[in-house]
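Because the structure is predicted, anything quoted here is derived from the model rather than measured. Just so you know, these numbers use all the heavy atoms, side chains as well, and skip hydrogens, waters and symmetry mates. Every chain is numbered from 1, with letters handed out A, B, ... down the list of sequences.
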Amino acid sequence: MTVALAFDYAPAPETTRPHIRDEYGLFIDGRWTRAHNNRQFATVNPATEEFLASVAYASELDVDAAVKAARKGYEKYWSKLTPAARAKYLYRIARSITEKGRELAVLETMDGGKPIRESRDFDIPTAAAHFFYYAGWADKLRYASRNGADALPLGACGQIVPWNFPLLMAAWKLAPALACGNTVVLKPAETTSLTALALADIIAQADLPPGVVNIVTGPGETGRALVSHPDIDKIAFTGSTEVGKQIMRSVAGRDIRLTLELGGKAAHIVFADAPLDQAIEGIISGIYFNQGHVCCAGSRLLVEESIHDEVVARLLRRLQTMRLGDPLDKNTDIGAINSAEQLARIQELVASGVAQGAQLHSQPFSAPDRGYWFPASFFTGVTQSHRIAQEEIFGPVLSILTFRTPDEALSKANNTPYGLSAGVWTSSGSKNMWIAEHLRAGVVWCNTYNRFDPASPFGGYRESGFGREGGVHGLREYLQHA
Amino acid sequence: MLEARATALASRSIKTTTKRVGIDLAIACVDLTTLEGRDSAGRVRSLCIRAMHPDPSDATVPHVGAVCVYPNLVAVARETLGTSAVHLASVATAFPSGQAEMSVKLADTEQALAAGADEIDMVIDRGAFLEGNDRKVATEIEAIKELCHGRAHLKVILETGELGSYENIRRASDLALHAGADTIKTSTGKIGTNATLPTALLMCEAIRDFADRTGELRGLKVAGGVRTTKQALAYLVVVNETLGADWLTPDRFRIGASSLLDDLLMQRQKERSGRYAGNDYISKD
């Protein structure tokens with residue numbers, strides 16, 4: 001018998017609606033306050049361009065108030081607590097994130113455009129996992145310092161997080177800093193403030209002492225005010241290499257700790273002896289996860305020449321099954337591009353690739369009427385001298401290059417100013433070990449990609465930054481003499 | 001990544017129309033199976049009647065794909081099924097172990113065919129496969145295929161739970177397809193590890209690559225441990241996204257199961273009435 005109707009997935013939208021206030025203030029000293037002169041900016045849903053909320057625009061004066069609160073919170077409360085008491089608060093936050101997981105996931109997807117499947121299954125659970133993990137460290141810090149020195153906190157820290165994994169990046173930064181006994185002024189990205197502000201509510205409900213976590217929203221200018229504030233003991237920044245360089249210049253000559261997690265242009269190497277279907281899934285996850293808005297995205301695919309055509313054919317076929325559309329639909333694989341500005345940047349780089357003679361292949365795509373969209377795409381015929389092989393696109397666009405020998409693969413992989421991550425696919429264990437050892441990248445994934453765990457350190461080489469987040473390494477960035 | 005991909009596919013949310021279509025498709029793809037020592041003529045007869053009319057209260061329910069029984073009960077099943085469109089499958093070749101001389105396996109198969117089976121579910125010789133004797137495995141499949149030629153559809157059971165690695169499962173799939181299997185099947189249902197989603201995905205990849213190379217569309221059967229509608233729909237998603245719509249038909253996809261039909265019918269009633277009527281509203285045998 002034949003089935004009359006096609007087995008075509010009906011829309012399965014997430015129906016939970018999180019509570020979104022009309023306007024959000026700044027979270028300073030345990031209280032919600034208005035920004036100086038009541039300045040505000042709008043945050044929109046990138047999938048619909050609909051207004052979501054007005055968010056406070058923190059000026060230099062507001063940042064100063066936040067830093068003062070953090071200093072007071074450090075001296076008056078947080079440094080006086082026993083480590084086990086700090087852990088108790090962190091566990092409370094972790095549990096609360098887990099309990100509110102669905103609501104936070106929907107909020108993240110509405111504000112940032114990422115598919116609900118990812119915010120629900122990856123962002124939010126991993127954010128909670130970081131709090132759980134570092135809560136456990138709070139009273140064991142002596143084991144984190146290298147020479148058995150007393151593990152002393154730094155003081156008040158400024159933390160600036162990007163828009164690609166808003167709540168998760170906030171968790172990566174807050175959890176180790178708080179576990180070590182520091183207080184924090186956190187600045188979320190301009191386009192994705194809402195989950196950080198929801199986290200402020202969670203922190204308030206967890207009854208953290210005032211000033212231990214302060215959250216100031218605003219554009220780059222707010223971040224600059226935080227970086228140049230004289231009473232900050234440490235800056236931790238995740239974002240673009242360009243801004244990272246500005247920050248490094250501005251902290252030069254000051255007694256201040258700094259960690260930077262910046263851009264990347266990861267090499268993803270596929271040898272002819274790789275399990276191809278597995279490698280294809282790795283490539284797909286590597287570049288199309290979160291619309292390619294991932295600093296460790298495997299955006300430069302290096303394929304052994306003998307299997308180039310087969311890999312391209314398989315990738316092209318796999319692109320046909322990628323589902324682009326409403327990020328709140330549980331079956332969506334590719335959501336909306338985070339902002340109009342980012343979409344323009346992707347389009348500009350893609351146009352340069354076409355102009356320089358590379359061939360563009362995209363999934364079948366008709367853009368919804370509103371919102372910012374870009375289809376899952378890849379370029380063939382790319383060489384090292386193309387801009388699309390050198391510059392970070394930060395979108396769902398892969399550049400495919402070829403190599404003939406392992407040496408050539410390695411030299412092409414390392415021929416980049418970046419060094420955040422890399423991937424290798426081969427059935428040969430010895431080849432895997434050899435290449436992993438010689439790749440200049442903070443993370444090397446062997447026969448897999450995009451695996452994360454709070455216990456595993458993450459960070460880059462060269463223009464991808466310095467310092468590590470995650471694991472015991474992540475604690476040392478927030479301790480003196482460690 | 002195989003397991004990660006299978007997990008991602010299992011998280012597809014199948015709702016409304018798609019769910020209704022999927023349930024009917026799954027019913028049409030069921031190989032309603034009874035393979036027990038206590039199987040009797042009466043049991044097989046009632047199974048056949050249920051296969052033709054899964055829900056006596058609702059004529060819109062499709063009949064299942066096939067009934068699957070031991071060779072000695074094929075004659076009883078054929079008598080009950082008559083000329084119905086429900087296929088009649090029989091396990092053969094010393095099911096489930098496959099530990100017998102070739103002459104016995106051939107006789108086993110011939111007996112089932114002569115009694116009226118139009119589908120044969122054979123098992124591969126896992127001992128030979130694990131010894132590296134691929135030639136023996138292929139020769140047996142070829143011999144049974146020759147016997148079935150023009151008379152029956154041949155399903156080759158790999159018994160993936162005994163093969164030890166995904167690499168071996170892929171190799172066995174390729175071997176069986178090249179030796180002439182019309183359908184490759186995961187399991188006998190007689191050991192601890194039955195069909196799993198990653199295994200089905202891997203076998204779909206082998207079938208897809210075989211179709212790419214030869215242009216021939218071969219089938220997949222998952223068997224053992226599929227008890228719920230949710231599981232069945234997940235397999236349909238795997239087939240849909242790996243092989244495509246051409247495979248979403250009982251001719252190329254089957255689910256071997258005994259109790260799955262109960263849940264499919266219950267979910268079907270629920271999709272139509274909005275309520276779960278309960279177990280007693282499903283006729284069982």
- Find the one option among B:Leu201, B:Val237, B:Ile14, B:Leu202 whose heavy-atom pairs under 4.5 Å with chain A are most numerous. B:Val237
- Task: Kindly assign one of parallel, tilted or perpendicular to the pair A:Phe122 and A:Phe165, based on the angle between their ring planes and the thresholds 30° and 60°.
- Result: perpendicular
- Note on the structure: Most contact-rich option vs chain B, by heavy-atom pairs under 4.5 angstrom, among A:Asp277, A:Asp8, A:Thr321, is A:Asp277
- Message: Given heavy-atom pairs under 4.5 angstrom as the criterion, report whether the side chain, backbone, both or neither of A:Trp445 touches chain B.
- Response: neither
- Query: Would the number of heavy atoms belonging to other residues, nucleotides or ligands and lying under 6.0 Å from CZ of B:Arg227 be above 12?
  - Reply: no
- Please check if the side chain of A:Thr109 supplies one atom and the backbone of A:Pro327 the other of a donor-acceptor pair under 3.5 Å. no
- Message: Which one wins on heavy-atom pair count under 4.5 Å against chain A: B:Arg208, B:Lys15, B:Glu167, B:Lys19?
- Response: B:Arg208
- Item | Under 4.5 Å from any heavy atom of chain A - which part of B:Arg20 | neither
- Going by the angle between their ring planes, with limits at 30° and 60°, are A:Phe7 and A:Tyr9 parallel, tilted or perpendicular? perpendicular
- Query: Top residue by heavy-atom pair count (under 4.5 Å) with chain B, among A:Arg451, A:Arg314, A:Arg117, A:Arg323?
  - Reply: A:Arg314
- Message: For the interface with chain B, which of A:Asp333, A:Ile284, A:Ile280, A:Thr448 has the highest count of heavy-atom pairs at distances below 4.5 Å?
- Response: A:Asp333
- Message: Counting only non-hydrogen atoms closer than 4.5 Å, does A:Ser285 touch chain B with its backbone (N, CA, C, O), its side chain (CB onward), both, or neither?
- Response: side chain
- Should A:Arg318 and A:Glu281 count as an ion pair when the cut-off is N to O under 4.0 Å? yes
- Message: Checking side-chain polar atoms at under 3.5 Å, does A:Thr426 have a donor or acceptor matched by the opposite partner on A:Asp273?
- Response: yes
